[in-house]
Amino acid sequence: MSRKIDIDPITRIEGHLAVSLEVESGEVVNARSSGEMFRGFEMILKGRDPLDAQQITQRICGVCPVSHGTASILAQDEAYGITPPENGRLARNIILAANYIQSHLIHFYQLSALDFVDIAAITSYSGNDPMLNSLKDWVKAQAKSNTIFPAAPFLPRFEGTYIEDKEINILAIKHYLEAIEMRALAHKMGAVFGAKLPHSTTLVPGGVTEKITAKKIAVCRDILKKLTAFIENAYIMDVIEVASYFPEYFESGKGCGNFLAYGVFKESGQSSDTFFPSGALINGKISDLDAGMIYEDIKYSMYSGDSGLKPEKGRTNPSPDKEGAYSWLKAPRYNGHVMEVGPLARVLVAYNRKSNPSLNKAVDGLLEKFNAGPEVLVSTLGRHAARALEAKLIAERCAAWIEELKPDRPTFKDFKIPEKGRGVGLTEAPRGALGHWINIKDYRIDNYQCVVPTTWNCSPRDDRGKPGPVEQALTGTLIKDKDNPIEATRIVRSFDPCIACAVH
Ligand code: NFE
Ligand code: MG
């Protein structure tokens, strides 16, 4: 007999995601992931001045605004026929790199690590670290004032096996607290050339409006050093520690096994020259990205109109009562294939392309620590490992971009908005491949479509009934206790879903 397990909402992710599991003899035989709200940014943009786009689309999300701003200005660069000067390209990379670092840190420490680390261990802390003691005091005060959920917000949680070693838990909790400070520092770093974060005001078609000065370079350099040290000494080490306690998670949550990356962090004015390369890895074979292969199905999505449209022709007609539909996410597909996007996709595409020897060396070095081959990366733990590794690689590369900036040289190029035009902005957000498609008519936005990382990963079934990547990753999972389906939430969180983005 099959049972149903509904996890609604999935906590410690961004936004409103519900997961419904059909379980037989403890094994998930069917999974559905549903985005439970609608936002309508693509509709808001219609008829507006194109220059509103990079500001409005950044409001899709407070976690990855820089990526939406970047996709938008890349689409406009193409529509206006402009390429930023070197300083503009570098400043864009630096703002985005800072945003990646804050996003990856909050995902691991504040959202995901608590699936493995026993944060409740703080209540028995007996050392004299002031930060840990103030957390302990605060948790105790919560327990006194909240009789329903003593130790809220950390409890209740799904019970399962957590790391048992008290010292390791306490160290991870210390890093949990430090990560909050590191995240603030990363935002500060992004704000040096982004003016403010979240939602930078300096990202414009043609470059970045903030001037480059020696002082700003020094501030960035100084912050990045601290972030790099934390990534190396805490983040990477904690992922390795979690992996040593939960090796079975190298076997779980494998998913669709196909990976898509658009490429990100421009290394020159050429669109294909990116630090993380673009590509599609399908059934283990790597091929060049063909953006013409991207389309969105809507049979099971709460939208009316034609299904299978390419984004440049895409439409957004909300239809909340549509029969059979179970999600506000569309179902993006690539030439008929279900594709996973994100840090794991970026790392695997780069690894298979062998385009960056130091990346391949770093991946092999990490795999040595796991005593395993690259095949283990396609898993729940593999996603965490890839995310941590790319945080380190981006931080290291960013140090060089900072040194390449030239004070007092131009940071943007002027442009004219044409009466008619089109552009595609393909980039990578922390959670994966992100594209914005703009169509301009009468100097205004005629159509604007975003195809977003979590829309790929958490998509519902497509028109042919093929489940999305998270749905596939959940299928086959063994759930020990139906009241505590922690195995499922660990898998979902490894994708770092952001539903605000996904339903945009
Ligand atoms: Ni709201 Fe986002 C990222 C984008 S996810 S976090 O990263 O684009 O779909
Ligand atoms: Mg869209």
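Heavy-atom basis, side chains included; hydrogens, waters and symmetry copies ignored. Values in this document were obtained by computation on a predicted structure and should not be read as measured data. In each ligand, atom 1 is the first atom listed, and ligand 1 is the first ligand listed.
Looking at Glu42, its N, O or S atom nearest to the Mg ion (ligand 2) turns out to be OE2.
A cation-pi geometry, defined here as NZ or CZ lying under 6.0 Å from the six-membered ring centre and within 45° of its normal, does not hold between Lys392 and Tyr235. Cation-pi contact between Arg315 and Tyr303: absent, since separation from the ring centre below 6.0 Å together with deviation from the ring axis within 45° is not met. Seen from the ring of Tyr300, Arg461 does not count as a face-on cation partner, given the 6.0 Å and 45° thresholds.
The SG atom of Cys501, atom 1 (Ni) of ligand 1 and the SG atom of Cys61 define an angle of 110° (nearest 10 degrees). With the Mg ion (ligand 2) as the vertex, NE2 (His504) and O (Cys450) define an angle of 90°, rounded to 10°.
Residue-ligand proximity, Arg431 to ligand 1, at heavy-atom distances under 4.0 Å covers atoms 3 (C), 5 (S), 6 (S), 7 (O). Heavy-atom proximity to Val452, at under 4.0 Å, picks out these atoms of ligand 1: 4 (C), 8 (O), 9 (O).
Residue Cys64: an N/O/S atom is found under 2.8 Å from atom 2 (Fe) of ligand 1.
Between Val19 and Arg32 there is no side-chain heavy-atom pair separated by less than 4.5 Å.
Between His68 and His504, the ring centre distance reaches or exceeds 6.0 Å. Annotation: Phe108 is not in aromatic contact with Tyr176 [ring centroid separation under 6.0 Å not met].
By the 3.5 Å distance cut-off applied to N or O atoms, Thr455 is not counted among the residues near ligand 1. Considering backbone and side-chain atoms together, Ser67 places no N or O closer than 3.5 Å to any N or O of ligand 1.
The protein heavy-atom contact nearest to atom 9 (O) of ligand 1 is Thr454 N, 2.8 Å.
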